Amino acid sequence: MKKRILPLSLVLAFLLLLCSCGEETPQEVDNTTPVEIAMVEKGSISAENQVSGQVSSGDQQSVFVALSVRCTNVYVEVGDYVTAGQTICTLDLASTWANYETAVKGYQAAQKSYNDQSAVLSQQVAMAEKNVEDTQALFEIGAASQLEVDNAKLQLENARAGMNSALSQLEVSMQNYQATITQLESSLANIDRSGNVSAPISGNILSLNAAKNSFVAPSAPVATIDSTADMEISASVSEALVSKLSVGGKVNVSISSAGKEFSSTIASVDRSPNPQTHLYGVTIRIPSGSASGLLSGMFADITFYTDTQSNVVVVPSEAIQTGLEGQYVYTVDGNNLAHKVPVETGLVGDGVTEVTSGLTGGEKLVTVGQFYLSEGAEVRIVSAEV
């Protein structure tokens with residue numbers, strides 16, 4: 001059998017074909033830096049000053065029951081919001097109402113007896129007075145003796161004394177019944193005929209001493225309600241800040257414990273400091289729509305806005321960097337090249353900073369990606385607010 005030998009040229013061509021199949025087509029490398037930009041504009045800015053304050057209530061009322069009675073049901077818990085007239089709990093007042101009705105009937109009976117006795121006794125006194133007048137007239141014409149006149153006068157005095165004694169006793173009886181009624185009415189304040197104890201004001205339940213099948217007592221309030229109608233925040237500020245605050249000034253309030261954040265205004269500013277702390281008191285209004293869920297004593301973070309400037313260059317604070325030579329930002333030109341621009345700053349507000357030198361407005365400012373740039377670096381804008 002003869003061996004077949006391939007020509008050398010065919011072998012070399014086959015090897016070159018294998019090598020070319022394993023190679024990849026080279027791709028172009030992107031050396032640009034992705035950035036986000038925003039157009040530099042003029043606007044208004046205010047300096048922020050943060051202090052701590054505390055929520056306080058304009059009104060707080062405790063619901064007392066001047067009786068020791070069993071509680072049959074409770075409808076609220078501490079922290080709940082109630083409206084005026086809403087039922088807090090129910091008490092077993094069957095015997096109390098029975099005593100009240102007995103006292104009312106006793107007073108009415110004593111009053112009727114007083115009126116009846118007064119009429120009868122007054123008539124007896126009038127008859128005794130008439131007897132004295134008649135006897136005295138007979139004495140003057142010699143038809144009656146002095147003894148008869150004296151006896152008539154004695155009968156009149158006895159009639160008057162008897163009337164005063166009887167009516168006084170009836171008055172004491174009526175006063176006793178009236179005192180019992182007044183005491184029971186006071187004990188039954190905020191309680192209806194069914195034994196339901198109602199809230200006298202709208203607000204949050206600050207404390208609750210009523211429990212189902214337990215007894216309430218006069219020594220402790222059934223509940224204490226913190227009114228939300230006139231809630232406010234009290235804070236203390238330094239002399240450097242108080243001169244910049246005025247009634248009606250805008251503030252922002254954050255109460256983390258209640259998950260609340262809202263804007264409000266300054267209600268009052270003290271013009272004399274506290275003698276102990278040497279700080280000035282400031283009161284902040286709490287809008288009625290934000291008061292629900294707030295309790296007296298909660299801590300609040302208050303932001304005051306002062307030194308407002310208008311028509312100034314304002315940029316996002318995160319766009320500003322600080323180096324050995326001071327503060328600077330990066331802008332982008334029409335050829336998408338980055339330029340390092342030294343700046344001077346002024347007021348610092350809510351996430352923004354005033355630029356007093358270096359920018360005039362209209363520049364394309366790098367807001368994201370600036371930490372990876374250098375002068376003249378080529379950038380690729382991935383998001384722009386222009």
Side-chain angles (χ1 to χ4, degrees), residues 26-52 237-238 240-246 248-254 256 260-266 282 284 300-386:
Q27 297 181 354
E28 184 179 355
V29 178
D30 186 0
N31 293 321
T32 60
T33 302
V35 297
E36 294 183 11
I37 65 172
M39 187 69 73
V40 177
E41 298 178 345
K42 291 186 176 182
S44 299
I45 188 173
S46 299
E48 294 184 3
N49 303 268
Q50 291 190 340
V51 300
S52 295
V237 301
S238 66
L241 178 57
V242 72
S243 60
K244 301 177 181 179
L245 303 180
S246 60
K250 181 182 176 183
V251 300
N252 191 69
V253 178
S254 175
S256 58
K260 297 277 188 177
E261 186 168 348
F262 53 87
S263 296
S264 187
T265 56
I266 298 174
V282 179
I284 311 299
D301 294 320
I302 307 166
T303 302
F304 295 100
Y305 300 96
T306 61
D307 302 316
T308 300
Q309 297 286 347
S310 301
N311 196 32
V312 295
V313 175
V314 179
V315 302
S317 298
E318 67 269 15
I320 302 174
Q321 301 183 66
T322 302
L324 296 176
E325 299 177 354
Q327 295 178 307
Y328 60 93
V329 297
Y330 276 99
T331 60
V332 177
D333 63 16
N335 297 319
N336 285 349
L337 298 179
H339 298 285
K340 184 177 181 180
V341 180
V343 295
E344 294 181 3
T345 60
L347 297 178
V348 178
D350 184 12
V352 294
T353 300
E354 175 192 8
V355 175
T356 58
S357 176
L359 298 175
T360 59
E363 299 91 340
K364 295 179 179 180
L365 178 71
V366 179
T367 57
V368 177
Q370 65 271 28
F371 299 103
Y372 306 100
L373 299 179
S374 59
E375 174 62 33
E378 189 175 357
V379 301
R380 183 174 74 260
I381 300 173
V382 296
S383 177
E385 299 179 6
V386 295

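Quick caveat, the model's predicted, so the values are computed rather than measured.
Put simply, the side chain of Asp333 gets close to the backbone of Asn335: a donor and an acceptor are under 3.5 Å apart.
Applying the side chain to side chain contact (heavy atoms under 4.5 Å, CB included) rule to Pro342 yields no partners; only residues at least two apart in sequence or on another chain are considered. Checked against side chain to side chain donor-acceptor pair (under 3.5 Å), Glu375 has the following partners two or more places apart in sequence or in another chain: His339. For Ser246, the side chain to side chain donor-acceptor pair (under 3.5 Å) test picks out no residue, with sequence neighbours left out. For Thr32, the side chain to side chain contact (heavy atoms under 4.5 Å, CB included) partners two or more places apart in sequence, or in a different chain, are Asp30, Glu378, Arg380. For Gln321, the side chain to side chain contact (heavy atoms under 4.5 Å, CB included) partners are Tyr328, Tyr330, Gln370, Phe371, not counting sequence neighbours. With sequence neighbours excluded, no residue satisfies side chain to side chain donor-acceptor pair (under 3.5 Å) with Thr33. Judged as a side chain to side chain donor-acceptor pair (under 3.5 Å), and not counting sequence neighbours, the contacts of Thr265 are Arg285. Contacts of Phe262 classified as side chain to side chain contact (heavy atoms under 4.5 Å, CB included), with partners at least two apart in sequence or in another chain: Ile233, Val253, Ile255, Lys260, Ser264, Ile286, Pro287, Ser290. For Lys42, there are no salt bridge (Lys or Arg N to Asp or Glu O under 4.0 Å) partners, not counting sequence neighbours. Every salt bridge (Lys or Arg N to Asp or Glu O under 4.0 Å) that Asp307 has, sequence neighbours left out, goes to Lys244.
Annotation: side chain of Val366 is not in contact with side chain of Tyr372 (no heavy-atom distance under 4.5 Å). The closest side-chain heavy-atom distance from Val51 to Ser238 is not below 4.5 Å. The closest side-chain heavy-atom distance from Glu36 to Val382 is below 4.5 Å.
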Please list, one pair per line, the donor and acceptor atoms closer than 3.5 Å that link side chains of residues 350-359 to other protein atoms, with sequence neighbours excluded.
| from | atom 1 | to | atom 2 | distance (Å) |
| --- | --- | --- | --- | --- |
| Thr353 | OG1 | Ser317 | OG | 2.7 |
| Glu354 | OE1 | Leu347 | N | 3.0 |
| Thr356 | OG1 | Glu344 | O | 3.2 |

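Residue Ser46 comes nearest to Thr308 through the heavy atom pair OG-OG1, 2.6 Å, listed as atom of the first residue, atom of the second, then distance. Between Ala240 and Ser243 the shortest heavy-atom distance is O-OG, 3.5 Å. Contact record, Ala338 with Leu373: CB-CD1, 4.0 Å, taken as the closest heavy-atom pair. In this structure, Ala38 and Thr367 approach most closely via the heavy-atom pair CB-CG2, 3.9 Å.
Annotation: salt bridge (charged side-chain N to carboxylate O under 4.0 Å, His left out) contacts involving residues 309-324, sequence neighbours excluded, are absent.
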For this session: Before giving the answer on side chain to side chain contact (heavy atoms under 4.5 Å, CB included), spell out for Val251 and Ser263 the whole-Å C-alpha distance, their side-chain angles and the decisive distance to 0.1 Å.
Result: CA-CA 6 Å; Val251 300; Ser263 296; over 6 Å; no
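Distance CG/Asn49 to OG1/Thr303: 9.0 Å, rounded to 0.5 Å.
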